[in-house]
Amino acid sequence: MPELPEVETTVKGLRPHCLNQTIARIQVFQPRLRWPIPEHIQQLEGAEIKTITRRAKYILMQTSQGHMIWHLGMSGSMRILDAADPSAAHEHVKIDFENGQSLRYIDPRRFGALLFTNSDPFQHKLIQPLGPEPLGKDFNIDYLQRQCEKRATAIKNVIMDSHCVVGIGNIYACESLFLAAINPKTRASRISRKRLQRLVDSIRQMLQLAIKQGGTTLQDFTQTDGQPGYFAQSLNVYGNRGECPNCARVVKRITQGQRSTFYCSHCQH
DNA sequence: AAAGACACCTGTCCGC
DNA sequence: TGCGGACAGGTGTCTT
């Protein structure tokens with residue numbers, strides 16, 4: 001589920017509750033996430049949370065004794081609750097703070113991750129090879145054009161490739177291509193600079209608006225206070241089994257890279 | 001280097 | 001009501 005806006009929403013929700021807090025206790029109820037949660041995560045008991053940042057869809061928590069690297073996978077979410085509150089189903093990690101609050105990690109499908117590193121998390125083997133942030137200055141028309149020139153595959157596959165640009169998952173790939181009026185099947189190398197510029201702009205606009213609205217909730221995702229994200233009401237094509245909001249023709253659904261693609265063949269070329 | 005298939009896991013929804 | 005199958009927001013890894 002979580003794409004960049006949902007992870008960003010999560011980070012913003014965590015900061016006021018977690019920054020400068022001291023970890024009193026870490027409980028791992030289910031270590032078998034995408035990778036096993038390392039046992040030395042326990043070393044962080046007694047540590048203080050210094051910063052919380054996002055890189056791609058990873059959440060980086062810097063503490064006084066090392067870094068936690070989190071990923072929400074397809075169905076992960078985080079909540080802030082009182083330490084005494086009961087655990088929900090699929091709650092795999094509980095971190096109690098000395099102030100009586102706690103951070104919970106909930107993930108029904110367990111595609112997420114919690115990793116630990118002592119050194120620079122940006123040098124971690126999962127983080128280091130990632131492409132630029134879509135909202136940063138390194139993601140621009142010159143960069144995207146260079147990436148697309150060498151790619152024969154469909155444009156949707158390119159913008160979902162984290163080595164090209166990070167943070168764009170299936171929802172926002174479909175939606176930004178709709179906004180840019182580009183057919184998701186078009187070979188990346190055959191799209192004009194002008195149209196790629198439109199795509200860059202669309203991706204930016206879309207992600208910024210989604211962040212403002214707290215992300216997209218389809219099923220599992222909640223903000224850290226338990227509220228859903230409200231961007232779902234702004235979706236034009238993703239999950240749309242009816243008509244295009246622009247031209248009223250039926251929205252098409254195809255499969256690309258084993259993922260569903262929704263688009264309007266009349267409005268997108 | 002690039003492209004595609006597959007794996008990991010649980011819950012939900014739809015048709016019969 | 002129950003059962004089987006398709007499908008779901010991600011992405012590292014392996015094979016072509």
Side-chain angles (χ1 to χ4, degrees), chain A residues 1-10 29-37 54-59 69-78 88-93 105-115 124-131 134 146-177 184-190 203 206-207 210-211 213-223 228-241 253-262:
Chain A
M1 132 291 119
E3 302 184 39
L4 187 149
E6 292 74 38
V7 179
E8 183 68 25
T9 296
T10 299
F29 304 118
Q30 169 58 278
R32 301 188 59 191
L33 302 185
R34 179 156 196 200
W35 298 280
I37 297 175
R54 178 188 61 73
R55 172 72 176 107
K57 295 172 190 166
Y58 292 92
I59 297 169
I69 301 175
W70 297 85
H71 198 289
L72 302 180
M74 287 278 266
S75 57
S77 61
M78 290 183 171
H90 307 295
E91 184 183 299
H92 307 310
V93 183
Y105 177 72
I106 302 105
D107 185 2
R109 291 179 73 182
R110 291 195 274 125
F111 287 172
L114 168 57
L115 301 170
H124 191 280
K125 68 168 184 173
L126 295 176
I127 311 280
Q128 197 277 329
L130 295 171
R146 259 182 281 122
Q147 289 293 308
C148 287
E149 274 168 9
K150 61 181 182 187
R151 301 288 227 117
T153 193
I155 184 64
K156 184 190 179 223
N157 295 337
V158 174
I159 62 172
M160 286 185 71
D161 178 355
S162 64
H163 301 290
C164 172
V165 57
V166 301
I168 303 167
N170 206 27
I171 294 179
Y172 299 108
C174 291
E175 293 297 319
S176 53
L177 287 164
K185 291 188 291 188
T186 310
R187 282 171 189 266
S189 57
R190 296 174 58 171
I203 287 170
M206 164 97 17
L207 294 176
I211 289 169
Q213 302 197 9
T216 300
T217 295
L218 297 180
Q219 283 170 25
D220 303 296
F221 180 72
T222 65
Q223 305 185 45
Y230 294 102
F231 192 69
Q233 61 203 40
S234 305
L235 299 178
N236 285 299
V237 285
Y238 184 85
N240 183 342
R241 316 247 165 160
R253 175 190 179 140
I254 60 172
T255 298
Q256 293 181 286
Q258 294 95 237
R259 312 298 297 277
S260 288
T261 298
F262 297 86

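Keep in mind that this is a model prediction, so the values were computed, not measured. Labels below follow one simple rule: chain letters A, B, ... track the order of the sequence lines, proteins then strands, and each chain is numbered from 1.
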- Item | A/Phe262 CZ to C/dC7 P, straight-line distance once rounded to whole Å | 10 Å
- Euclidean distance, atom CZ of residue A/Arg187 to atom P of B/dA2 [Å, nearest integer]: 15 Å
- Message: Using ring-ring contact (aromatic ring centres under 6.0 Å, His included), reason through A/Phe29 and A/Tyr105 one step at a time and then give a plain yes or no.
- Response: CA-CA 10 Å; A/Phe29 304 118; A/Tyr105 177 72; over 10 Å; no
Check the phosphate of [N] against [X], side-chain N and O only, distance under 4.0 Å to OP1 or OP2. Yes or no?
| X | N | result |
| --- | --- | --- |
| A/Ser75 | C/dG10 | no |
| A/Lys150 | B/dA2 | yes |
| A/Arg259 | C/dC7 | no |
| A/Arg32 | B/dC9 | yes |
| A/His90 | B/dC9 | no |

- Message: Between C/dA6 and B/dC6, how many Å separate the two P atoms, rounded to a whole number?
- Response: 14 Å
- Query: Looking at A/Ile106, A/Thr10, A/Asp107, which hits side-chain contact (heavy atoms from CB on, under 4.5 Å) with A/Leu72?
  - Reply: A/Thr10
- Under 3.5 Å donor-acceptor pair, A/Arg110 side-chain atoms to B/dC9 base atoms: no
- Per the atom types in the model, does the base of C/dA8 pair as donor or acceptor with the side chain of A/Arg109 at under 3.5 Å? yes
- Closest to the A/His71 side chain, choosing from C/dG9, C/dT11, B/dC9: C/dT11
- Message: From the set C/dA8, C/dT11, B/dC8, return the single nucleotide nearest to any side-chain atom of A/Met74.
- Response: C/dA8
- Query: Any idea which heavy atoms bring A/Arg151 and A/Ala188 closest together, and the distance?
  - Reply: O-CB, 3.8 Å
- Message: Under 4.0 Å, heavy atoms only, any strand: does A/Phe231 hit a base, just the sugar-phosphate, or nothing?
- Response: nothing
- Task: Give, for atom CH2 of A/Trp70 and atom CG of A/Leu114, the distance between the pair rounded to the nearest 0.5 Å.
- Result: 4.5 Å
